[in-house]
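All heavy atoms count here, side chains included; hydrogens, waters and symmetry mates do not. Lettering follows sequence order; numbering is per chain, from 1.
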There are 2 protein chains.
Amino acid sequence: MTFGKYIREHREVLKAEDRRFSVRQVAQRIGVEPAYLSKIERGDVAPPSEAKIRALAGELNEDVDVLLAMAGKVSSDLQEIIRKRPQLFADLIRQLKSMQDHAILRIARDVRDGDW
Amino acid sequence: MTFGKYIREHREVLKAEDRRFSVRQVAQRIGVEPAYLSKIERGDVAPPSEAKIRALAGELNEDVDVLLAMAGKVSSDLQEIIRKRPQLFADLIRQLKSMQDHAILRIARDVRDGDW
DNA sequence: TGTCATGTGTACTATATAGTACACGCTATG
DNA sequence: CATAGCGTGTACTATATAGTACACATGACA
């Protein structure tokens, strides 16, 4: 699934219930030209900037990190966290590459619960 | 410490022992114009692309992730790992943001040793 | 003392990124 | 049945990124 198709599908679902989710109105709310959003949804141009993707995620009630990933990007706040301690995070992330989801989830949970 | 100054300092150390570490010769080995490397080291232009930074890291025997971080970048292989499972990694990394180094190191070690 | 390598200033350049502006034809509806 | 809103085609544009090309003055050294 491409970024554009995903956005179009999810916007269309909302539009069926509420006509404020037309290309034109969503475009206006996220601060771009309607023609540009149309082209994005059809894959005619590359996905927009992180800022516009964030606005779109808010508008369509989607997960920002997932949308950014589909756009081939990684959230700038995550990049900043990594850049502050590059060796530590680089090592850990490469270790986790081959781990299954549940193991990663468990680590996140243990960290959150203060089991460290 | 900026990217450029760091490179210059470390290259100068090597140059003191081995004149093959002049701006011109290093530039040639990493595949850029000498004037460009000179400008990079003096901060006259932005740091180079990830590919050139990797070549420079190899040449100067420096950690790629550290150099990329100083250049304001995150290794593309790490970005790809995150993009494949954005929610999982985004959550975990944000959890780890406030953790001390030793805790993150310990997680990496436990994962490596298969304690999961 | 000549020449060779060195570092750097100046001027360009190609490509990618991130959009805008406007006009057009369609269609739904009040 | 007019008109308001809709999606989209075409043509531009500004800024950033990632460098190249060449000339010049300097300093080492054989």
Side-chain angles (χ1 to χ4, degrees), chain A residues 2-57 59-60 64 67-68 70-76 79 83, chain B residues 2-57 59-60 64 67-68 70-76 79 83:
Chain A
T2 66
F3 178 83
K5 285 191 179 179
Y6 184 89
I7 294 296
R8 170 138 299 189
E9 275 185 20
H10 286 251
R11 186 186 53 73
E12 292 288 351
V13 168
L14 295 173
K15 189 191 169 192
E17 302 276 281
D18 184 341
R19 68 194 193 292
R20 295 200 332 273
F21 288 92
S22 67
V23 167
R24 288 181 107 95
Q25 294 196 42
V26 170
Q28 191 184 15
R29 289 200 297 279
I30 68 167
V32 300
E33 289 292 313
Y36 184 44
L37 179 55
S38 171
K39 278 177 279 195
I40 289 166
E41 289 191 349
R42 287 170 296 125
D44 197 6
V45 299
S49 65
E50 177 168 342
K52 301 303 182 187
I53 291 174
R54 287 187 181 282
L56 211 37
E59 211 44 62
L60 305 184
V64 173
L67 288 191
L68 286 170
M70 283 197 282
K73 300 177 198 274
V74 169
S75 177
S76 52
Q79 300 208 36
R83 283 200 309 265
Chain B
T2 67
F3 178 82
K5 285 190 180 180
Y6 184 89
I7 295 296
R8 169 138 301 187
E9 274 185 20
H10 286 250
R11 187 187 52 73
E12 292 289 352
V13 168
L14 296 173
K15 189 190 170 193
E17 303 277 281
D18 185 342
R19 67 194 195 292
R20 296 200 332 274
F21 288 93
S22 68
V23 166
R24 289 181 106 96
Q25 294 196 42
V26 170
Q28 191 184 14
R29 289 199 297 278
I30 69 168
V32 299
E33 289 292 312
Y36 184 44
L37 179 55
S38 171
K39 278 178 278 196
I40 289 166
E41 290 191 349
R42 287 170 296 126
D44 199 5
V45 299
S49 65
E50 178 168 342
K52 301 302 182 188
I53 291 173
R54 287 187 180 282
L56 212 37
E59 212 41 64
L60 304 185
V64 173
L67 287 192
L68 286 171
M70 283 196 282
K73 300 175 197 274
V74 169
S75 178
S76 52
Q79 300 209 36
R83 284 200 308 265

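Looking at residues two or more places apart in sequence or on another chain, you find a side-chain contact (heavy atoms from CB on, under 4.5 Å) between A:Ser49 and A:Ala51, A:Lys52. Looking at residues two or more places apart in sequence or on another chain, you find a side chain to side chain donor-acceptor pair (under 3.5 Å) between B:Ser76 and B:Glu50. Residues that satisfy the side-chain contact (heavy atoms from CB on, under 4.5 Å) test with A:Ala57, not counting sequence neighbours, are A:Val64, A:Leu67.
Within residues 38-51 of chain B, the residues that place at least one heavy atom under 4.0 Å from DNA chain C are, in residue-number order, B:Ser38, B:Lys39, B:Arg42. Residues of residues 2-15 of chain B having a heavy atom closer than 4.0 Å to DNA chain D: none are found.
Pairing each heavy atom of A:Arg83 with each of B:Val74, the nearest pair is CG-CG2, 3.8 Å. Counting all heavy atoms, side chain and backbone alike, B:Ile40 lies closest to B:Ala46 at CG1-O, 4.1 Å.
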Show which side-chain atoms of residues 22-29 of chain A pair as donor or acceptor with protein atoms under 3.5 Å away, not counting sequence neighbours.
residue: A:Ser22; atom: OG; partner: A:Gln25; partner atom: N; Å: 3.1
residue: A:Arg29; atom: NE; partner: A:Glu59; partner atom: OE2; Å: 2.7
residue: A:Arg29; atom: NH1; partner: A:Arg20; partner atom: O; Å: 3.0
residue: A:Arg29; atom: NH2; partner: A:Arg20; partner atom: O; Å: 2.9
residue: A:Arg29; atom: NH2; partner: A:Glu59; partner atom: OE2; Å: 3.2

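Think of the region where chain B sits on DNA chain C: with heavy atoms and a 4.0 Å cut, that region ends 5' and 3' at C:dT6 to C:dA11.
Sorted by first and then second residue, the salt bridge (Lys or Arg N to Asp or Glu O under 4.0 Å) pairs with a member in residues 32-42 of chain B read B:Arg8-B:Glu41, B:Arg11-B:Glu41; sequence neighbours excluded. The stretch residues 2-22 of chain B participates, sequence neighbours left out, in these ring pair (Phe, Tyr, Trp, His ring centres under 6.0 Å) pairs: B:Tyr6-B:His10.
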Can you check nucleotides 22-25 of chain D for protein contacts, nitrogen or oxygen pairs under 3.5 Å, and list what you find?
none

